[in-house]
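Encoded as C-alpha cells, the structure appears first; notes follow it.
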Amino acid sequence: MSTKTRVDARRSQTAAVAATDSSSTTKEDLEQLNFLTPDIAEAVREQFTTPAYVYSLEVLERQAQTALSFPSAYGLTVRYAMKSSPNAAILKIFNKLGLHIDASSGYEVRRAVAAGIPAENISLSSQELPDFFPELVNMGTKINACSVQQLELFGAEFPGGEVGLRINPGLGSGGTGKTNVGGPSSSFGIWYELLPKVKEIVAKYNLKVVRVHTHIGSGSDPEIWQRVSSMSLDLCRDFQDCVTLNLGGGYKVGRMSYEKSTELAVVGKPVQEAFENFAAETGRKLHLEIEPGTFLLANSCSLVTTVQDMVTTGGPEGHTFLKLDSGMTEVLRPSLYGAQHPLVTIPTGREETETASYVVVGHCCESGDLLTPTPDDPEALMERPLTKTEVGDLCVVEGSGAYCSSMSTKNYNSFPEAPEVLVDRQGSLHLIRQKQTLEQQLQNEVALPPDFV
Ligand SMILES: *Cc1c(COP(=O)(O)O)cnc(C)c1O
C-alpha cells in the first residue's frame, strides 16, 4: 500500500483513531469494555484460561428482542443466521425466544437439529446444495434454491413441491468489496435476468414458489432497504404462490465506538410501508422474514486474551508490538477484511493512568496475524492507543461474537480451539464449549503402516 493511500485511510477515521498520531490521548479517548468488568475478565482467565470467548446472555436476549420488533405489516419471522456463531447454547437461547434458523449448509441444518431446533423452523440458503438435501426436506426444512442448478435438482427430486428462490436483484450494499453479497460481482443467488429460465423449470416440475429471498449484504442505509424491498416485492408479483418475502440479514453493527449501528425501526419503516402498498395493490398480504447474524451476535461476545509478550523494533519506522495469546486462531476478521475491533487492555494488580500506542499482533507465525490493521487494508499495520500495558495483563478483543468463533484459522500452528463461556445476568460463568485437547486435534489422523516410517 502506498504511503498516500495509507494516509487517506487514516484520515477517514474519526478522532478516536486519529489520536494515534498525538501524544495527548487520555484514557477517556480509548475504547471501553462492553459488558465485562475487569473482575469478570480475570475470573474467566482463572477458570477457563485464555483466550476464551465470553457471550453475554443479556446482550443476546436484548438483540433478539430488538430484532423481533422489526416493523412488519403482516407478521414477521426472525431467523438467526447461525453461521455467525453456531454454538448449541446460542441456538437454544434464540429458539426459546421464538427465533427460527437460517442455515448456510446442510451440515448447519444437521447441527441445528442436533441442538433441538425443530427442522421446520430451519431454512437452508446454501452455496452448495448437499447430496443429502432430500433428507432435510423430508424432515420439514425449507429450501431456498440459490442457483438455477439447485432449482433443477430440487424439482427433479420433489416435483409439485414448495420451494423458495434466493434472487440476486442486481443491487448490493456491502461494507467492503468482500462483504458485498448483491449485484453483478456477487455469486450469491439467482441473477434476476435469469427469471425466464427459472419459470421454465418451475413449470416443468410444477413447483410452487412460496418464498422469495434477497440478501444483499452489510448495509445500514434505509434508502437501500427501501429500494431492495420494492425490487423484491416486484419479484413476488411474478410468483402468485409466494406468501413470504425474506429480506436476509446484513444489518451493519458498529463495533468501534465511532461506528454506527443500523436502527431496525428506521430501516424497517419503509419496508413495512412497501408491504402495505403491495397488499393494497394486489390483495396479497406477505409475511416478512429477516435473517440477522451480525446484528444478534457482533457485540454479544468479548474475547478475553492475555498479553504474552512485547517486542520493539528500532528506528523511525519502529513500533512496540503487543503479542496476544490469541489472534487469527480466534478473530480472523481484521486479517481478512481489515476490520477494526475495539481492544481494551486491563492492567492486572496495578493502577495505570498512562496510555501508549501499540501494534497488536496474534500468536501465529504468520505476518497477517494482526489485530490492528489499517481499515480496508488487512496487510498494513496501524498503531492503536491503549492503556499502558505489561506482559501478563489482560487484553479484551471486543465485538467478537459474529464470524469469530465460527470463522477463524482454528488449529493453525496447532493452537487448540478456545473455550466458549456464557455470562448470565448475575455475572455467573457457564462453560458452553470446552477448550480443545491435543488428542481431539489429532483424532482423525490415520497412522501409516510401520514399514513406511
Ligand atoms: C450470512 C447470511 C445472513 C446474515 O448476514 P449478517 O450480515 O450476519 O446479518 C443472512 N442470510 C443469509 C442468506 C446469509 O448468507
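Computed from a predicted structure; not experimentally measured. One-based numbering, in listed order, for ligands and for the atoms of each. Values reported hereafter were calculated over all heavy atoms of this structure, with side chains retained and with hydrogens, waters and symmetry mates removed.
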Using a 3.5 Å cut-off and no angle test, enumerate the donor-acceptor pairs between side-chain atoms of residues 265-281 and protein atoms at least two apart in sequence or in another chain.
| residue | atom | partner | partner atom | Å |
| --- | --- | --- | --- | --- |
| Lys269 | NZ | Glu273 | OE2 | 3.1 |
| Gln272 | NE2 | Glu276 | OE2 | 3.3 |
| Asn277 | ND2 | Glu273 | O | 3.4 |
| Glu281 | OE2 | Arg237 | NH1 | 2.5 |

Within a distance under 4.0 Å of any heavy atom of [X], pick out the atoms of ligand 1 and give their elements.
X	answer
Thr294	6 (P), 7 (O), 8 (O), 9 (O)
Tyr403	1 (C), 4 (C), 5 (O), 6 (P), 8 (O)
Gly293	4 (C), 6 (P), 8 (O), 9 (O)
Lys83	1 (C), 2 (C), 3 (C), 4 (C), 14 (C), 15 (O)
His213	13 (C)

How does [X] reach ligand 1, by side chain, by backbone, by both or by neither, if only non-hydrogen atoms under 4.0 Å count?
X	result
Glu291	both
Ala81	side chain
Asp102	side chain
Phe295	neither

Answer yes or no for [X]: is there a heavy-atom contact with ligand 1 below 4.0 Å?
X	answer
Lys252	no
Arg166	yes
Ser84	no
Pro292	yes

Open item on the list: Ring of Phe94, cation from Arg79 - is the NZ or CZ under 6.0 Å from the centre and inside 45° of the axis?
Closed with: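 Verdict for Phe94: no cation-pi partner in Arg79.
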Open item on the list: Do Glu330 and Ser408 pair up side chain to side chain, a donor and an acceptor below 3.5 Å, judged on atom types alone?
Closed with: no
Task: Identified side chain to side chain contact (heavy atoms under 4.5 Å, CB included) partner of Met82 from the options Ile90, Leu91, Val109, Leu296 - done: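 By the side chain to side chain contact (heavy atoms under 4.5 Å, CB included) criterion, Met82 pairs with just one of Ile90, Leu91, Val109, Leu296: Leu91.
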Tell me if the [atom1] atom of [X] is crowded by more than 12 foreign heavy atoms within 6.0 Å.
X	atom1	value
Glu223	CD	no
Gln440	CD	yes
Glu135	CD	yes

Task: Test salt bridge (Lys or Arg N to Asp or Glu O under 4.0 Å) applied to Arg45 - qualifying residues, sequence neighbours left out - done: Glu42
Open item on the list: Testing the basics here: between Ile290 and Asn246, what is the closest heavy-atom pair and its distance to 0.1 Å?
Closed with: CA-OD1, 4.5 Å
